[in-house]
Each structure stands twice: as C-alpha cells, then as structure tokens.
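Every heavy atom of this structure was used, including side-chain atoms; hydrogens, water molecules and symmetry mates were not. All values derive from a computational prediction rather than experimental measurement. Throughout, protein chains are lettered first and strands after them, A, B, ... in sequence-line order, and every chain is numbered starting at 1.
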2 protein chains.
Amino acid sequence: MTHISDLHNQWLENPEYRATYDALEEEFTLATALIEARSRAGLTQGELAERMQTTQSVVARLEGGHVMPTTRTLEKIAKATGSRLKISFEPDAAHT
Amino acid sequence: MTHISDLHNQWLENPEYRATYDALEEEFTLATALIEARSRAGLTQGELAERMQTTQSVVARLEGGHVMPTTRTLEKIAKATGSRLKISFEPDAAHT
DNA sequence: GTTATTTATAGCATATATGCTATAAATTGG
DNA sequence: CCAATTTATAGCATATATGCTATAAATAAC
C-alpha cells in the first residue's frame with residue numbers, strides 16, 4: 001500500500017527532491033489535511049464538489065497538491081466538510 | 001483609539017453587516033493574524049514587503065483584508081516573519 | 001474479469017490575486 | 001505645528017487559481 005507519506009520519506013533521500021522540499025511541504029500537508037477533512041465528512045470528491053458549488057476535477061486538483069489555493073477555496077472546503085478553517089502564523093523558535 | 005476588533009463589534013449591530021459576516025470573518029481574522037506576525041517580527045510593511053520580494057502596497061492590501069490570499073502568499077509571509085504557517089480543518093462540533 | 005464508482009489528467013476560458021508605480025492619508029518624532 | 005516615516009488607496013498589467021467538459025486511470029462491488 002503506497003501512502004503519500006511513504007513516498008515523501010522515500011523521496012527525502014533524493015537530493016534534487018530535497019532542494020525543492022521547502023516549497024512543496026505546505027502543498028503536501030495541506031492536501032493531506034484536505035483529504036482528511038473530506039474523509040471525516042464521509043464524502044466523495046464529487047459530493048464535496050457539489051457542496052462547494054464546483055466540480056469533481058477541481059477537488060481532485062486540490063487534493064493532488066498541484067495548486068496553492070486561495071483562502072476563499074479553503075473556506076468553501078471547511079464549510080462543505082463541516083469543519084472550521086484555522087490559519088495561524090506561529091512564532092518559529094528555530095528562526096528567532 | 002480605533003482597533004479593528006472594536007469596529008468589528010460595533011458593526012455587529014448593523015443588520016446589513018451581519019448578512020455578510022460569515023464571508024468576511026476569515027478575512028478579518030487572517031488580516032489580524034498577519035498584522036500580529038509582522039508586529040512580532042518588528043517589521044514595517046515596507047520591510048516585510050522587501051523580505052517577501054514584493055512591495056509595501058501589496059502588504060497593505062493583504063492587511064486591509066481586501067483579498068483572500070493564496071497559500072503561496074501565506075507561506076511567504078510566514079517565512080519573512082520568522083513564523084510557521086499552520087492551516088487546518090478542525091471538526092466543527094456545532095455542525096456535526 | 002466485468003461493471004460501476006471513484007479519482008486523476010488535460011486543455012481551455014474566466015475570475016481573482018499578485019506585482020507594480022504613483023500618490024494620498026495617517027501616524028510618529030521633533 | 002512641521003518634517004519624516006509609515007500606512008492606505010487607485011489603477012493597470014500579469015500570473016495563477018478557479019470553473020468547466022471530456023476522458024483516462026484506478027478502485028471497488030459483484
């Protein structure tokens with residue numbers, strides 16, 4: 001069974017992949033969070049799309065992590081999955 | 001002294017405002033979070049803009065809550081303010 | 001293994017966020 | 001007050017997310 005995080009760990013050993021890791025991380029975690037929210041709501045992509053007033057292909061694209069969605073889209077997802085969207089900037093100890 | 005949350009509470013009594021409250025809430029809280037992150041970092045809009053590779057007017061627009069930014073922009077803000085971006089969909093008890 | 005269901009990809013038009021310059025408005029320091 | 005700094009707004013070009021249809025690929029049900 002190939003889970004996305006397995007791929008993730010596997011790819012970590014590829015230097016070229018590591019180079020772009022920072023930029024991709026958010027897309028990975030966001031896509032994962034989205035998939036989890038949809039699972040929790042027990043919806044198919046098509047059903048979620050309907051509640052978001054869009055189409056299944058749009059949801060697939062979002063879950064594929066191929067875009068950096070707007071907060072407008074994130075809000076629609078939250079509402080459609082019975083979730084509450086939370087966005088925060090947490091002080092990063094490592095940086096400060 | 002006019003704080004954004006004061007205006008918020010004040011406007012809550014205006015019915016017309018209440019009608020669009022849901023759609024605006026996220027912009028309010030996000031803008032507030034952004035302003036806080038910048039304050040924490042001790043940066044002016046111009047300085048933050050420079051670190052984000054953009055201009056002061058763009059930061060002003062974001063903080064004004066007049067746009068629903070992409071996660072790409074949120075990531076830039078996080079990095080520039082020494083923060084870590086967190087996005088999550090939390091199960092909403094009230095809905096379920 | 002065949003069918004039905006679900007998910008992923010492609011390609012294009014449209015909407016919206018971003019990037020930018022200039023300038024106004026507001027705030028701060030003296 | 002005045003000057004300097006900071007923040008807000010306007011307007012336009014560009015980049016990117018979204019909306020859409022169609023179809024392929026993968027999974028699940030039987």
Mark yes or no for a side-chain to base donor-acceptor pair under 3.5 Å between A:Gln56 and C:dA8, with no hydrogen or angle criteria applied. yes
Round to the nearest Å and state the distance from B:Gln53 atom CD to C:dC20 atom C1'. 15 Å
Starting from P on C:dA17, measure out to CD on B:Glu75 and report it in whole angstrom. 19 Å
Rounded to whole Å, please give me the gap between CD1 in A:Ile35 and C1' in C:dT7. 11 Å
Side chain of A:Arg38, heavy atoms from C-beta onward: which of C:dT18, C:dT7, D:dA8 has the nearest atom to it? C:dT7
With respect to the phosphate group of C:dG19, does any side-chain polar atom (N or O) of B:Lys76 fall under 4.0 Å of OP1 or OP2? yes
Step by step, would you call A:Ile77 with A:Leu62 a side-chain contact (heavy atoms from CB on, under 4.5 Å)? CA-CA 10 Å; A:Ile77 294 168; A:Leu62 288 166; 4.2 Å; yes
When you measure from the side chain of B:Glu63, which nucleotide among C:dC20, D:dT18, D:dA8 comes out closest? D:dA8
So if I take every side-chain heavy atom of A:Thr44 and compare against D:dT7, C:dT7, C:dT18, which nucleotide ends up nearest? C:dT7
Contact nearer the 5' end of DNA chain D, comparing B:Thr70 with B:Glu47: B:Glu47
How many Å lie between CZ on A:Arg61 and P on D:dC20, as a whole number? 11 Å
When rounded to whole Å, the CE to P distance for the pair A:Met68 and C:dT18 reads 11 Å
Quick check against the 3.5 Å criterion: does A:Glu63 have a side-chain atom that pairs as donor or acceptor with the backbone of A:Ala60? no
To the nearest angstrom, how far is A:Arg51 atom CZ from D:dG19 atom C1'? 20 Å
Determine whether a donor-acceptor pair (one donor, one acceptor, N or O, separation below 3.5 Å) exists between the side chain of A:Ser57 and the base of D:dT21. yes
Rounded to the nearest angstrom, tell me the gap between atom CD in B:Glu50 and atom C1' in D:dT6. 15 Å
Under 3.5 Å, is there a donor on one side chain and an acceptor on the other for A:Thr73 and A:Thr70? yes
Just checking A:Glu47: does its CD atom have more than 12 heavy atoms from other residues, nucleotides or ligands closer to it than 6.0 angstrom? yes
Among the candidates C:dT18, C:dT9, D:dG19, find the nucleotide nearest to the side-chain atoms of B:Leu62. C:dT18
Would you mind telling me which of D:dT7, C:dT18, C:dA17 lies closest to the side-chain atoms of A:Arg72? C:dA17
To the nearest angstrom, the NE2-P distance between B:His66 and D:dG11 comes to 14 Å
From C-beta outward on A:Thr54, which listed nucleotide comes closest to its side chain: D:dA8, D:dG19, C:dA8? D:dG19
Test side-chain contact (heavy atoms from CB on, under 4.5 Å) applied to B:Lys86 and A:Phe89, step by step: CA-CA 6 Å; B:Lys86 281 218 167 181; A:Phe89 299 98; over 6 Å; no
